[in-house]
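The structure appears below as structure tokens.
Per chain, numbering begins at 1; letters A, B, ... match sequence-line order. Here the structure is a predicted model, which is why all the values come from computation and not from measurement.
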Amino acid sequence: MPNTQYLNTHNLQNMTIPIKKSKFTQELNEAQLEGVLATEGPVLVLAGAGSGKTRLLTYKIAYLVLELGIEPRSILGVTFTNKAAGEMRERVEQLCGGSLGGMWLGTFHAMCGKLLRIDGSAVGLGENYSIYDELDQRRLMKDIVHDFGLDPKEFDARRVLGTISSCKNRMICPEEYLPLTEDPKERTLVKLWTAYQDALKACDAVDFDDMLIFAVRLLQENDELRQKWARKFKYILVDEFQDTNLVQYELVKALASFHGNITVVGDDDQSIYSWRGAEVRNILDFPEDFEGTTTIRLEQNYRSTGNILEAASAVVANNAERHAKTLWTKGQKGELLRVFKLPDEYAEAKLVARMIREQIDGGVSGSDIAILYRVNAHSRLLEEALTRQKISHVIVGGIRFFDRAEIKDTLAYLRVVVNPDDDVAFGRSVNMPRRGVGLQSMNRLREMAKAEGKSLYRMLIEGDMSGFPPRSREGFAEYIEIIEELRATARSADAGEIVGQTLRDSGYLKMLEDDGSFEAKSRVENLSELLNSGIEFANTHPEDPSIRAYITEVSLLAGIDSYSPDEESVSLMTIHSAKGLEFGTVYVCGLEEGLFPIARAMESPGELEEERRLFYVAVTRAKERVALLWAMSRHRFGMEQYSSRSRFIDEIPKVLIEGDTDAKPEPSLFERKPSAKKAVSGAINPGTIVEHPFFGRGEVRGVQGWGENAILTVAFPKYGTKKLLLKYADLSVVRG
DNA sequence: CGCGGCATGTTTTTT
DNA sequence: ACATGCCGCG
Ligand SMILES: Nc1ncnc2c1ncn2[C@@H]1O[C@H](COP(=O)(O)OP(=O)(O)OP(=O)(O)O)[C@@H](O)[C@H]1O
């Protein structure tokens, strides 16, 4: 059943080498070929956008299999998304002419997940461990903050978890952190952290960060296991290396510790995940850490026109922290980049839709067009405008399918079936749909479980429930029955069958059907889609169609992973999601100061440079045509907000753009008169004269609220009465 | 215990 | 503007 084709190395070596070899020489340039042929030892490929890094990696894997006869099971390939992994696998199999089932090709998280299922017991994980997403984590942390008797406002679960996560990304553990700090709040934080890890352990669960950390610990603390895995992977290849974090770096190091054949490719100018702990130094310092590194630079760009390339390069050259790179193309200079200035976001969306309509009518296929933006919230208006123009489209990201409440509720049952210690999943499913188990009963069960050191579900099964009110006892009994029946089925059935049974037996579907509202109907539809997805998973994963494998897979899905556009559909996504993709035409929307670059990044030079890299990524997705749009006004939190054109547009050499190329508006907007005081709410009352960068002077008519969130009603002689949010308005007081 | 109403944060990006 | 999450009442 598994792949024997690839192992037919005699055949390959004797007959097909000349043909295959020409494939490598014909479809790669010299520098790429050099990277492919450098199979032994550490190799660093540092090169700009569209220079064929991913192609190099893909062909290199094929080369290892075809030319060196390496078994796929000895190859580890790491990509940034599951989708990229799927595409690379497909391409490599195409090149090799056969299935490569044994090859490990996936994201860091998927790979660690697999490793931990096999050897996780070495770091205290059960084989059925759960993976907690952000919501699960927050639930856990909220309960802990509550149990500690702390103020949930002061110790906001999200924030606490954010701090913990950034520590984890930097490989700091609670024990190391504690001695470093005297600050009482931080000491409390460490206690929360420790309690959080204990809680995870009790639930036999890991969060996303832990998946990587546990895998590293497994390899670092256990010589035998490190040997086992490091020997297994004779060749390791990592794409998008500029966006790896410290933990991933250690992981790579440990895995490469035996054979040392490690190829990493990336572009420091495309490092856009530092907020998630990515360390661009990983790629820049690679040669120092891996002795004898062969460094390869790819300088020919195969994707974009000369003008696009020049514009992108000119903008990113404004970053101080970077490796200068040469990038050239044999192609045409092509069109100029077009800049459009619009009065508001509605006009922006309308214009994009109209231009796309024209393109499509002119014969361009929708799938060759992308609309990119900085924030997901931006997608809505654009989508509406496309719908109005009857342009078929797909939105990538935003609320993911598997993040919908009804999907998570249903999967919570299955998580308890797989891992009965998963208290968060238990808490989510036990009273959904309502079966009479309220807060009182839950708290009581929690107390009991805590006292006996058991998980909630185990406590429920093993404990004496006689003290509970009849109503909740019935509910509990019903729940146990559902779970146990599912468990019995799960022994032999696959993911599709079990999802089906869950929908039927949990009463969830019935609850929605009884509801009958529009909202409920759409939820029912989603659940039926969940069922399809479970069935499809079982069909496409014959080696392990279990519900456990299914849950693991969906826990690690990103929005982009389910992206499979058809010929007609235009793609809408954030620039982050667009990393690694390419389109004939790219529309970049929302190019305003405060939105892109985003306000929060404008204070720190480091973060501003990341915004600029993001812009570089956006523009370099395009092959032929780039449109850059900005709106003078835009609603934010339901409030109208006025902005000026993004500095990134101004950083493009004027000769490369057409359209709204006039110089910055009146300088007075930027050089505030020294006499003018920055407006704060205390100083503003009805009657106050204020100055606005766009509307000029106006008289305050009313003030609602207080502080930076105050909403002002201001009458401007030329523009009429406007409501402004003080936080964003950038007003100065002219006269009190 | 469950519902409905209000308050709150959200719009930075995601494995 | 909108969704989620919390609280208090029936
Ligand atoms: N040697 C080559 N000859 C022709 N086309 C090539 C060659 N190498 C790569 N390409 C094409 O150039 C485009 C970009 O390649 P690829 O995605 O591998 O670049 P990349 O460096 O990974 O880009 P990015 O960093 O922007 O994600 C693709 O369309 C690819 O097919």
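- Closest approach of G113(A) to Y129(A), counting heavy atoms only: O-OH, 2.9 Å.
- Comparing atom distances between the K142(A) side chain and each of dC6(C), dG2(B), dT12(B) picks out dC6(C) as nearest.
- Here the two rings, on Y273(A) and F80(A), have centers that are under 6.0 Å apart.
- Considering only side-chain N and O atoms, T574(A) lies under 4.0 angstrom from the phosphate OP1 or OP2 of dT14(B).
- Side chains of D209(A) and V247(A) form no contact here, defined as non-hydrogen atoms less than 4.5 Å apart.
- Between M442(A) and V430(A), the closest heavy-atom pair is SD-CG1, 4.0 Å.
- Atom CG of L381(A) is separated from atom C1' of dA1(C) by 11 Å (rounded to the nearest Å).
- Annotation: cation-pi pair R217(A)/F214(A) present, NZ/CZ under 6.0 Å from the ring centroid and within 45° of its normal.
- When the C1' atom of dC6(C) is taken as reference, atom CZ of R158(A) falls 16 Å away, rounded to whole Å.
- In terms of phosphate contacts, N431(A) brings no side-chain nitrogen or oxygen within less than 4.0 Å of OP1 or OP2 of dC1(B).
- F108(A) comes within 4.0 angstrom of nothing in the nucleic acid, heavy atoms only.
- Nucleotides dC6(C) and dT11(B) have their C1' atoms positioned 23 Å apart, rounded to a whole Å.
- Proximity note for I598(A) (side chain, C-beta onward) versus dT12(B), dT11(B), dG2(B): the nearest is dT12(B).
- Between R374(A) and E134(A), it is R374(A) whose nearest contact on DNA chain B lies nearer the 5' terminus.
- Distances shown here put every side-chain N or O of R634(A) at or beyond 4.0 Å from the OP1 or OP2 atom of dT11(B).
- At a threshold of 4.0 angstrom between heavy atoms, the contacts of D209(A) with the nucleic acid are absent.
- Nucleotide dT13(B) holds its P atom 19 Å from the CZ atom of R621(A), rounded to whole Å.
- Spacing between atom CE of M573(A) and atom C1' of dT12(B) amounts to 17 Å, rounded to whole angstrom units.
- Using a 4.0 Å heavy-atom criterion, one finds that R613(A) contacts no nucleic acid atom at all.
- Put simply, CG on L372(A) is 19 Å from P on dT12(B), counting in whole angstrom units.
- Across the protein-nucleic acid pair, E593(A) atom CD and dT12(B) atom C1' stand 15 Å apart, rounded to whole Å.
- In this structure, S577(A) reaches the dT14(B) phosphate: one of its side-chain N or O atoms is under 4.0 Å from OP1 or OP2.
- Toward the 5' end of DNA chain B, the nearer of the two residues H109(A) and M442(A), judged by each one's closest nucleotide, is M442(A).
- In terms of polar N and O atoms assigned as donor or acceptor, the side chain of W275(A) never comes within less than 3.5 Å of the base of dT12(B) in a complementary pairing.
- Note on R600(A): a base of the nucleic acid sits closer than 4.0 angstrom, heavy atoms only.
- Distance CG (L135(A)) to P (dT14(B)): 16 Å, rounded to an integer number of Å.
- The distance between atom CD of E610(A) and atom C1' of dT14(B), rounded to the nearest whole Å, is 12 Å.
- In the set dT13(B), dT10(B), dT12(B), dT12(B) carries the atom at the smallest distance from any side-chain atom of R636(A).
- Here the separation of dT12(B) from dG5(C), taken at their C1' atoms, is 23 Å to the nearest Å.
- Closest to the side chain of R380(A), from the set dT11(B), dT14(B), dC2(C), is dC2(C).
- Ion pairing between a basic and an acidic side chain is recognised when a charged N comes within 4.0 Å of a carboxylate O; R613(A) and E610(A) show such pairing.
- Looking at heavy-atom distances under 4.0 Å, S472(A) makes no contact with the nucleic acid at all.
- K83(A) has a carboxylate O that lies under 4.0 Å from a charged side-chain N of E87(A), or vice versa, which qualifies the two as a salt bridge.
- Within the 4.0 Å cut-off from OP1 or OP2 of dG5(C), not a single side-chain nitrogen or oxygen of R138(A) is found.
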